[in-house]
Amino acid sequence: MEEQMRSGTHGLVLHWAARYDLLAWLLTHGRERQLREAIIRLATLKTGDDVLDIGCGTGTLAIAATRHVGPTGAVTGVDASPAMIARATRKARKAQARATFEVAVAENLRFPDRRFDVVFSTLMLHHLPRKTREQCAKEIKRVLKVDGRVVAVDFGRAKRGGLLAHLHRHGHLEVTDIVDLFVAAGLRPTRTGPLGMNDLNFVVAEASDREADEGAHRG
């Protein structure tokens, strides 16, 4: 499996798109659909929502999200790997899903402030060095609408051996790491816990209007 650094990001970039979906199936023991739907339920997607999937890989989650936001919503997936984006675009076309994909890095998003209702970060943060991860969190806060929400899912420390522990011995994030990251970026965690599959954990956080909150506290 080829893993290498891509110009423009300090994070680890996965380029083996053709094998990515197979690996996801193996890691979830064939329960990838259940994992997707669990993540989407955490986001409480609504018709008309504007959604961003950062580190979208081959687009499976983004494509599934289009069914929840309806024709008035929008789903955009970004990934630093052109190979992943090419495969995601082909999958969306085949599924006739209204999702768009583009090459971009997590720490420097091109989108305007307060654009999205929901941001997904799935199995991505542990690939980023600390400073890049912090910049990514700030970008998530910037592009979220007030009261918008981010759903982050990532590997915790493996509690047992096997394929998952072997593949991700190089990277994991505990729930407290993600919570601290989001709080430092100005996000407000609302839900945390295990996802109930392998050693995956989740954090849901909201983007509040910090200036308004500070004004209320001063008053």
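Residues Ser121 and Val153 are not in side-chain contact: their nearest non-hydrogen atoms beyond the backbone lie 4.5 Å or more apart. The shortest distance between side-chain heavy atoms of Pro189 and Glu206 does not fall below 4.5 Å. Side chains of Leu187 and Val150 form a contact here, defined as non-hydrogen atoms less than 4.5 Å apart. Counting heavy atoms from C-beta on, the side chains of Asp79 and Val103 never come closer than 4.5 Å. Counting heavy atoms from C-beta on, the side chains of Thr192 and Val179 come closer than 4.5 Å. For the pair Val69 and Thr47, the minimum side-chain heavy-atom distance is 4.5 Å or more. Side chains of Leu52 and Leu109 form a contact here, defined as non-hydrogen atoms less than 4.5 Å apart. Contact check for Gln135 versus Arg130: no side-chain heavy atoms found under the 4.5 Å cut-off.
Atoms CG and CG, on Asp53 and Leu61 in that order, are 5.0 Å from each other to the nearest 0.5 Å.
Taking every heavy atom of both residues into account, Leu128 and Thr132 meet most closely at CD2-CG2, 4.1 Å. Ala92 approaches Ile63 most closely through the heavy-atom pair N-CD1, 3.5 Å. Ala64 approaches Ile40 most closely through the heavy-atom pair CB-CD1, 3.7 Å. The shortest heavy-atom contact between Ile85 and Cys56 is CD1-SG, 3.8 Å. Phe120 and Ala65 make their closest contact through CE1-CB, 4.5 Å (heavy atoms, listed as atom of the first residue, atom of the second, distance). Between Phe101 and Ala62, the shortest heavy-atom distance links the atoms CE2-CB, 3.7 Å.
Salt bridge annotation for Glu139-Arg142: present, with a cationic side-chain nitrogen under 4.0 angstrom from a carboxylate oxygen. A salt bridge between Arg149 and Asp49 is present, with a side-chain N of the basic residue lying under 4.0 Å from a carboxylate O of the acidic one. Comment: Glu107 does not engage Arg133 in a salt bridge, judged by the lack of any side-chain N to carboxylate O separation of less than 4.0 angstrom.
Between the side chain of Asp177 and the backbone N or O of Glu174 there is at least one donor-acceptor pair closer than 3.5 Å. Within the 3.5 Å criterion, the main-chain N or O of Val183 finds no donor-acceptor partner in the side chain of Arg188. Between the Asp199 side chain and the Phe155 main chain, no donor and acceptor come within less than 3.5 Å of each other.
Within a 6.0 Å radius of NZ in Lys138, other residues, nucleotides and ligands contribute 12 heavy atoms or fewer.
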(request) Let me see the working for Thr76 and Arg115 under side-chain contact (heavy atoms from CB on, under 4.5 Å), right down to the final yes or no. (result) CA-CA 11 Å; Thr76 305; Arg115 157 78 184 272; 4.1 Å; yes
(request) Any chance you could lay out the side-chain contact (heavy atoms from CB on, under 4.5 Å) test for Phe202 and Ile39, step after step, and finish with the verdict? (result) CA-CA 8 Å; Phe202 73 86; Ile39 295 170; over 6 Å; no
(message) Assess the residue pair Phe111 and Val78 against the criterion (side-chain contact (heavy atoms from CB on, under 4.5 Å)); give the C-alpha distance rounded to whole Å, side-chain angles, the decisive distance to 0.1 Å, and a yes or no.
(response) CA-CA 11 Å; Phe111 307 103; Val78 299; 3.9 Å; yes
(request) Any chance you could lay out the side-chain contact (heavy atoms from CB on, under 4.5 Å) test for Leu144 and Arg114, step after step, and finish with the verdict? (result) CA-CA 5 Å; Leu144 273 174; Arg114 298 187 177 182; over 6 Å; no
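Checking each of Leu200, Asn201, Asp154 against Leu195 for a side chain to side chain contact (heavy atoms under 4.5 Å, CB included) leaves exactly one that passes, namely Leu200. When the options Asp50, Asp117, Asp113 are evaluated for a side chain to side chain donor-acceptor pair (under 3.5 Å) with Lys145, the one that passes is Asp117.
No hydrogens or angles considered: nothing links the side chains of Thr58 and Arg90 as a donor-acceptor pair under 3.5 Å.
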